[in-house]
**Q** 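I'd like to ask you about the structure that follows.
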Amino acid sequence: MDYREYIVNKLNLENITAADVALPPNSQMGDYALPCFKLAKAFRKSPVAIAEELKNSFVCDEVISEVSAVNGYLNFKINKMGLVSSVLNRVLSEGDCYGSSDVGKGKTVCVEYSSVNVAKPFHIGHLSTTVIGGALYKIYKFLGYNVVGINHLGDYGTQFGKLISAYKRWGNREEVDKGGIHAINELYVRFNKEADELMEQEARNYFRLIESGDREANELFEWFKELTIDYVNTIYEKLNITFDSYAGERFYIDKMQPVIDELKEKGLLKESEGAQIVDLEPYGMPPCLVLRSDGASLYATRDLAAAIYRKNTYNFYKCLYVVAYQQNLHFKQFFKVLELMGKDWAKDLVHVAYGMVSLEDGAMSTRNGRVVWLEDVINKCVEKAYAVIDEKNSALENKRQIAETVGLGAVIFGALYNNKIKDVTFSYDKVLSFDGETSVYVQYTCARANSVLEKSGKSFALPEKYEPNAQEYEVIKQLSTFPQTIKDAAEKYEPSLIARYAVDLAQKYNKFYIDCKILSAEGETKHFRLSLTEAVHVTLKNALSLLGIGAPEKM
RNA sequence: GCACCUUUAGCUCAACUGGAUAGAGCGUUGGUCUACGGAACCAAAGGCUAGGGAUUCGAAUUCCUUAAGGUGCACCA
C-alpha cells in the first residue's frame, strides 16, 4: 500500500501529489504530513487555518487512524495494526525475495566495472569500482533486470610491449610461475625505472609484434593475461563478484574501423594538428581525439566501438560505467560524440562516478612502492576477525570460515557505506574497526536475532491483530521501506543507501531487543516479537547480500 | 587560466531531493551486566551547515559570489 497516494486521493486537492506528502521529523507527530503552505495562495488563507480546516473535514478510516493540525502541517497517523500485519505478512511470506521486484522485466542493464589491467595486481584503488559495480549488478538483478557484468580489461597498449621487453631481459618462466602477478608487476616496475630510449624503442617494437600477430609475443601476452585473470578471480570469489563478459580493449581493435568510417561519413571527423578529432567546441568541451597523428586509435575510439557493440549485442536499456570521477570529461565527450552520430540511445549511457582513494601520506604510487595491496587488506581484516571471534566465542565451529565472512564484509562495507562521490583516505584503523556503523554491527545483530529464533524452536505464528509498542513500531516502519530503498539505490546508482538502511534497521532492532523481552513474553506478544525478529533477520540478510556480504548464523 | 566536484559536531559521514527542533558512528564524560549474545544499549557535552548576498511562507539543499581542497583540460588509459 502506498500511503502517500492514499492520502492524496482521499484529500482530493488540486495541485497536490504524492510527492508533496512529507515525513514528520519524529513519529510522535505522525507517520506522514502535508505541509499546507503551498495551498495558502489558492485558498487565500493562512496555512494554519487551512490545516485546521482540512483536519476538521477529514474522516478517519481503516487506513488513517488520526489527523492533527500543527503549525500549518496536516499530520497523519496510520493505522498501526494494518501496517503491522501487511508488512510482516509480506516479509515473512517473501523471505529472501523480500525487496525484489519485476520492474526490470525484459530490460537489460550493462554494468562495466572493476576493469582490471593485465599484469597489474589489485590495490585498494580498485576496490571501489569493484564493489560498487558488484552491488549495482546484484541490485538490478534483484529488481528483475537482465544484467550483463562487463570487465573491460585493460589489455591493450604499449605497456605490454614494455612488459615483454622486461620479461625477455630479466624474467624467466619459473620465477613468474612462482611469483605470479606480483613477479610480473616487478618486471614492469623495473622496466619503467631503468628504461632508456633504446629500451623504449624495443618496447614499441614488441607491442607492434603483438599487434601483427607474432606468435611468441602473443603467447607471452596471453600467458600474462591468463595469470591476471586467475589471480583476480580468486579475489572476485571472495568479494562475491561475477562477470558475464571479459571483453576488454583488445576485443574492440577490429571493431573500430566501422566507427571511424561512420564518423567520416557523417562529417564529424576533422583533422587538427595531424590528428583526427571530433570538434566539441560548440558544447564547451575540448575536442575528442579519435585517431593519433600516427593513425593509432585512442581510449575514446575503443569506448565508442564498445558502446556500439554493446548496444547491438545486448540492446541495453541502460549501460553503466563504474569509473572514477577523474574521467568525467572523457565520458562526457564520448557520450556527446555518440549523440552527434545520431545514436538516440546515447542518453542511456551513464557514467557512475566515484571518489578517489589516497593514502595518509598522499596519493598512491606503484613506482615508489606507496601502495596498499587489496590482498593485504583482506588478510589483515580476516585475521583480526578471527582474533576477535577466538576471544569472544572460541568454542564456535567453522571459526575460519566465519572470520572470512566477517573480515571480507568489513572490507566491502567500508567501501560502500559512504556516498560514492566522496574521496577517501585509506586507513587500517578504519577498516579494522568493528564497532558502530559497520557490517560487523549488522552481522552481529543478525546473529543475535538468529540466536533468539533458534532458542524459540521456530514455532510461532503472526497474530492477526497486534497493537505494537513504540520500539516495535519503529522496527516495522523501517522494515516497510526496504523495497523502496532498493529502488532508490538503483535509480541513484548508490549502494550506500542499502548499507545505511541495514545499519538503521539493526539499530532499531537493537533498541527493541534491549527494551522488550522476546522469549519470556506471553502469548500473542511472544508470537509477534518472534515474527518481528524473523522479519528483521531475513531483511538484514537480504540487504547484506545485495552488497555482496554474508551473514553468519553465529559469530 | 577554463570546466567539473567537494566543504555539515574534535574526526568520519547522514539528512527521504525545498519542510517542523540538522541526525548517526568514532572519540570524550557518566551510566546499564540476577543477559533472549556487552561486537550491545542509555545519557551528557559538542553546530552561525566554509564566508557573504539573492530567490520565498520556509534553504544544509536552488541561484550568484568569495575562500579552501580535489580532479580534469591533444595524440596515456
Side-chain angles (χ1 to χ4, degrees), chain A residues 19-20 22-26 29 33-38 40-41 46-47 70-73 75 115 117 152 154 156-159 249 272-277 284-300 302-303 323-330 332-333 353 355-356 358 363 385 388-389 391-393 406 417-419 421-425 427 429-430 433-438 440-445 447-456 481 484-485 488 492 496-497 500 503-504 506-507 510-511 513-521 529-530 533 554-555:
Chain A
D20 292 310
L23 297 182
N26 67 63
M29 301 169 100
L34 180 74
C36 299
F37 309 97
K38 267 191 182 176
K41 262 185 198 152
S46 79
V70 188
N71 298 330
Y73 287 87
N75 292 336
S115 301
N117 289 316
H152 191 71
Y156 184 85
T158 43
Q159 69 264 33
E249 295 190 84
S272 170
E273 295 171 34
Q276 295 292 318
I277 64 156
M285 285 185 270
C288 180
L289 263 79
V290 176
L291 289 176
R292 296 198 314 217
S293 40
D294 66 0
S297 65
L298 284 138
Y299 187 32
R302 293 186 281 279
D303 264 344
V323 180
Y325 69 65
Q326 271 112 321
Q327 300 195 30
N328 274 351
L329 180 60
H330 163 74
K332 266 175 80 177
Q333 287 180 308
M356 303 175 28
S358 58
V388 176
I389 292 167
E391 180 203 324
K392 303 204 183 231
N393 210 346
V406 172
Y417 192 60
N418 290 335
N419 241 310
I421 198 67
K422 302 262 183 187
D423 286 336
V424 283
T425 305
S427 94
D429 280 354
K430 246 187 279 169
S433 153
F434 291 176
D435 298 323
E437 298 168 326
T438 61
V440 183
Y441 175 75
V442 179
Q443 286 169 325
Y444 173 76
T445 308
R448 200 185 216 187
N450 182 61
S451 164
V452 176
L453 291 169
E454 279 190 0
K455 286 191 175 140
S456 77
T481 61
Q484 188 56 45
T485 302
D488 289 346
K492 293 169 192 156
S496 66
L497 293 176
R500 284 180 185 275
V503 168
D504 284 349
Q507 279 176 341
N510 279 324
K511 272 174 196 166
Y513 179 94
I514 296 294
D515 288 345
C516 307
K517 293 286 161 209
I518 303 170
L519 290 173
S520 52
R529 288 181 178 171
L530 283 167
T533 300
K554 292 189 166 80
M555 61 188 269

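In what follows, chains are A, B, ... by sequence order, proteins preceding strands, each numbered from 1.
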**Q** Can you tell me how far P in B/rG46 sits from the matching atom in B/rG38, rounded to whole Å?
**A**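 B/rG46 and B/rG38 have their P atoms separated by 31 Å.
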
**Q** Does the B/rU17 base have a donor-acceptor partner in the side chain of A/Lys492 within less than 3.5 Å?
**A**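 Result: at least one qualifying N/O pair found.
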
**Q** Give A/Ala447 one of three labels, base, sugar-phosphate or nothing, depending on what nucleic acid heavy atoms sit under 4.0 Å from its own.
**A**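 Base contact.
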
**Q** Nearest whole Å is fine: how far is B/rG18 P from A/Leu23 CG?
**A**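 Checked: the CG to P distance equals 15 Å.
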
**Q** Which nucleotide in the set B/rA20, B/rA77, B/rA39 lies at the smallest distance from any side-chain heavy atom of A/Met29?
**A** B/rA20

**Q** Between B/rC42 and B/rG23, how far apart are the P atoms? Round to whole Å, please.
**A** 16 Å

**Q** The side chain of A/Asn75 lies closest to which of these nucleotides: B/rA20, B/rG72, B/rA14?
**A**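 Output: B/rA20.
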
**Q** Which whole number of Å gives the distance between the P atom of B/rU28 and that of B/rA68?
**A**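 One P to the other, the span is 35 Å.
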
**Q** Stacking between A/Phe37 and the base of B/rG19 (centre distance under 5.5 Å, interplanar angle under 30°)?
**A**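 Here A/Phe37 meets both the 5.5 Å and the 30° conditions.
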
**Q** Please determine, for the side chain of A/Lys517, which listed nucleotide (B/rA39, B/rC36, B/rC13) has the closest atom?
**A**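 For the A/Lys517 side chain, the nearest candidate turns out to be B/rC36.
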
**Q** Would you say the side-chain atoms of A/Asn418 and A/Ser496 include a donor-acceptor pair closer than 3.5 Å?
**A**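 A/Ser496 and A/Asn418 do not have a side-chain donor-acceptor pair below 3.5 Å.
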
**Q** Give the nucleotide from the list B/rC41, B/rC36, B/rA20 with an atom nearest to the side chain of A/Tyr73.
**A** B/rA20

**Q** Mind checking A/Lys422 for me? I need base, sugar-phosphate or nothing, with any heavy atom below 4.0 Å counting as a touch.
**A**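 Touches sugar-phosphate only.
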
**Q** Just checking A/Lys392: base, sugar-phosphate only, or nothing, at a heavy-atom cut-off of under 4.0 Å?
**A**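 Contact class for A/Lys392: base.
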
**Q** Using the P atoms only, state how far B/rA9 lies from B/rU66, rounded to an integer number of Å.
**A** 24 Å

**Q** Centre of A/Tyr156's six-membered ring, under 6.0 Å away, within 45 degrees of the axis: is that where NZ or CZ of A/Arg302 sits?
**A**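 A/Arg302 over A/Tyr156 ring: no.
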
